[in-house]
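Okay, so here's the structure we're looking at.
Since the model is a prediction, treat every value here as computed from it, not as a measurement. Side chains included, hydrogens not; waters and symmetry mates left out as well; all remaining heavy atoms used. As the structure lists them, so they are numbered: ligands from 1, and atoms in each ligand from 1.
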Amino acid sequence: MTASHSVFCDDYDPNSLSISEASQRILLAMSPPQGVEWVSVRNSLGRILANDLVAPHDVPAHRNSAMDGYAFRWQDLHDQKHETRVHLKLVGVSAAGHPFQGHIPPMAAVRIMTGAVVPDDADTVIMQERVTPEQSKGQITFNADAIPALGSNIRLPGEDLKAQVLALPAGRLMRPADIGLAASLGLAEVPVRPKLRVAFFSTGDELCSLGQTSKVGQILDSNRYTLFGMLEKMNVEWHDLGVVKDSPEALEEAFQRASQCAEVIISSGGVSVGDADFVRSILDRLGRTVFWKIAIKPGRPFAYGQFTGDKHFFGLPGNPVAVMVTFYQIVRPALMRLQGRHPLPSPLLLQAQTLTSLKKMPGRFEFQRGVLSRTEQGDWQVNATGEQGSGMLSSMSLANCFIRLPESSGKIEAGAWVEVEPFDEAL
Ligand code: AMP
Ligand code: MG
């Protein structure tokens with residue numbers, strides 16, 4: 001990393017740091033993990049692959065039939081094309097898991113099932129729908145014009161994966177198809193990255209935890225629940241450190257506890273101008289921190305720090321929607337890199353027609369909340385979820401996408417096309 005790319009350098013105006021600039025700087029400060037853990041293939045679901053997985057053998061390992069039918073030697077029928085009907089003696093069966101053991105003499109066939117091994121003597125399979133079995137005569141017959149081409153209906157060894165090819169690359173998030181593929185390669189255990197450990201807490205004297213009786217002026221802490229949900233979906237090992245009072249002692253104690261159990265510490269609240277000082281002074285002692293005003297809405301105040309032994313700190317704003325937006329847009333890609341995911345997935349962006357006008361002033365990148373649906377014609381349309389206050393978690397709950405309005409854009413008229421980012425799975 002060059003000094004000019006360091007997250008801590010001072011060559012920018014903190015009042016106008018763009019979301020893409022902030023994300024880039026933070027990503028550059030993240031290094032992929034080193035550790036490797038071997039887990040059973042089932043337990044690798046949702047984990048990040050630590051090493052490349054190479055196919056130890058061909059998949060499929062044997063020539064096998066793609067159809068239920070009859071296997072024969074194509075050359076035997078080569079000179080029968082002028083006949084109207086051809087006859088083959090039936091000499092046995094090759095069933096899935098029970099290969100035919102014998103030899104196929106000239107002008108003979110073997111009954112074969114889908115997936116069963118094609119006997120060495122055969123090179124072509126005819127599907128059963130084309131064939132009339134004549135059990136009593138121990139033969140099958142079919143029309144000469146139904147003779148399939150040489151090699152028909154046979155799956156070749158290595159058709160799915162050849163031995164020694166890269167089957168799954170390191171950095172892959174193991175999905176259901178991937179664990180199935182690993183199983184098809186005979187890999188009972190796979191190497192994955194250790195789970196990333198993330199501790200989080202909320203800050204604010206006004207906060208009251210679920211289960212406590214709230215006094216006048218108190219509000220219930222929701223950020224620890226949205227953070228829990230988003231972290232759980234990322235398959236990290238999370239530690240909820242509760243609500244921390246706005247005092248230097250309480251914060252310092254929270255940072256100490258967090259650094260004992262996690263590599264990443266996430267807080268919400270207490271990073272806007274005026275109340276950032278406790279966090280700043282503590283982190284200045286323990287490491288180094290930057291406080292940014294990122295030009296996004298919601299979510300302007302944001303802190304990032306590093307301290308003792310490569311711990312990463314993300315200080316999110318307090319407002320509930322801002323927590324979710326900054327987590328999703330900035331923290332989540334950073335955590336993916338710390339988890340070892342490679343390459344990082346690009347967001348799915350669609351163009352949709354807005355059903356309402358959208359309030360917007362040029363200057364900040366806005367992530368408004370919307371409900372994306374399809375018109376009868378098959379186009380995407382988006383309906384903003386009403387008022388867009390950064391404290392209104394109900395708008396986030398209703399939404400299934402962000403409406404992404406870039407810095408330069410002003411008010412958007414109804415009917416205009418806007419960029420949307422669906423988030424159903426992740427949020
Ligand atoms: P702050 O950044 O600490 O000034 O907080 C900004 C706003 O978010 C204030 O209205 C807080 O009451 C609210 N807020 C902060 N933390 C939470 C939380 N954990 N749950 C719900 N609201 C919060
Ligand atoms: Mg606060």
Side-chain angles (χ1 to χ4, degrees), residues 14-15 17 19 22 198-233 236 238-255 257-258 262 264-283 289-305 313-332 364 366-369 385 387-399 427:
N15 294 308
L17 191 65
I19 169 101
V198 181
F200 59 93
F201 56 86
S202 295
T203 68
D205 287 348
E206 78 281 28
L207 298 180
C208 157
S209 289
L210 203 55
Q212 294 177 337
T213 31
S214 57
K215 304 191 196 85
V216 180
Q218 284 197 311
I219 58 167
L220 280 160
D221 175 7
S222 59
N223 291 343
R224 270 163 52 233
Y225 292 86
T226 50
L227 278 173
F228 147 77
M230 294 185 291
L231 289 167
E232 178 77 13
K233 288 228 168 186
V236 303
W238 52 264
H239 297 264
D240 180 350
L241 302 188
V243 171
V244 175
K245 292 281 174 210
D246 285 320
S247 82
E249 297 76 27
L251 277 168
E252 168 137 21
E253 198 257 339
F255 276 110
R257 265 194 300 150
V264 176
I265 292 120
I266 300 176
S267 69
S268 71
V271 290
S272 46
V273 187
D275 55 11
D277 289 348
F278 297 145
V279 181
R280 190 190 295 260
S281 57
I282 291 160
L283 283 165
T289 323
V290 286
F291 284 83
W292 282 333
K293 279 187 187 159
I294 303 177
I296 61 170
K297 189 177 175 187
R300 196 202 302 247
F302 188 92
Y304 170 72
F313 163 67
F314 297 95
L316 308 187
N319 275 311
V321 181
V323 165
M324 297 197 79
V325 170
T326 51
F327 180 91
Y328 190 73
Q329 297 294 338
I330 303 172
V331 180
R332 190 164 168 264
R364 292 203 259 167
E366 287 197 23
F367 294 89
Q368 299 198 3
R369 275 72 67 204
T385 56
E387 284 301 316
Q388 296 283 324
S390 64
M392 297 173 66
L393 208 47
S394 58
S395 77
M396 197 68 209
S397 170
L398 270 176
L427 298 184

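- For ligand 1, the atoms lying closer than 4.0 Å to a non-hydrogen atom of L220 are 20 (N), 21 (C).
- Note: F255 and F313 have perpendicular aromatic rings, judged against thresholds of 30 and 60 degrees for the angle between ring planes.
- Checked by distance only, ligand 1 and G318 come closer than 3.5 Å through their nitrogen or oxygen atoms.
- Within the listing of ligand 1, atoms 2 (O), 4 (O) sit less than 4.0 angstrom from a heavy atom of S272.
- Relative orientation of the F314 and Y304 rings is tilted, given thresholds of 30° and 60° on the angle between their planes.
- Shown are S209, S202, S268; of these, the side chain to side chain donor-acceptor pair (under 3.5 Å) with R224 is made only by S209.
- If you number the atoms of ligand 1 from 1 as listed, the ones under 4.0 Å from a heavy atom of P320 come out as 21 (C), 22 (N).
- Close approach of ligand 1 to G269 (heavy-atom distance below 4.0 Å) involves ligand atoms 2 (O), 3 (O).
- Here is the list of ligand 1 atoms found below 4.0 Å of a heavy atom in S222: 20 (N), 21 (C).
- Looking at ligand 1, you'll find an N or O of N319 within less than 3.5 Å of one of its N or O atoms.
- Close approach of ligand 1 to D221 is summarised as follows: ligand atoms under 4.0 Å from at least one heavy atom of the residue are 18 (C), 19 (N), 20 (N).
- Between I294 and R364 there is no side-chain heavy-atom pair separated by less than 4.5 Å.
- Heavy atoms of L207 found under 4.0 angstrom from ligand 1 belong exclusively to the side chain.
- Atom numbering of ligand 1 starts at 1 in the shown order; those under 4.0 Å from a heavy atom of I219 are 12 (O), 22 (N), 23 (C).
- Contact annotation: for E206 versus ligand 1, heavy atoms closer than 4.0 Å belong to the side chain alone.
- Taking a cut-off of under 4.0 Å to the non-hydrogen atoms of S202, the atoms of ligand 1 that pass are 19 (N).
- At least one N/O-N/O distance between G270 and ligand 1 falls below 3.5 Å.
- Counting only distance, with no hydrogens or angles, the side chain of N223 and the backbone of Y225 share no donor-acceptor pair below 3.5 Å.
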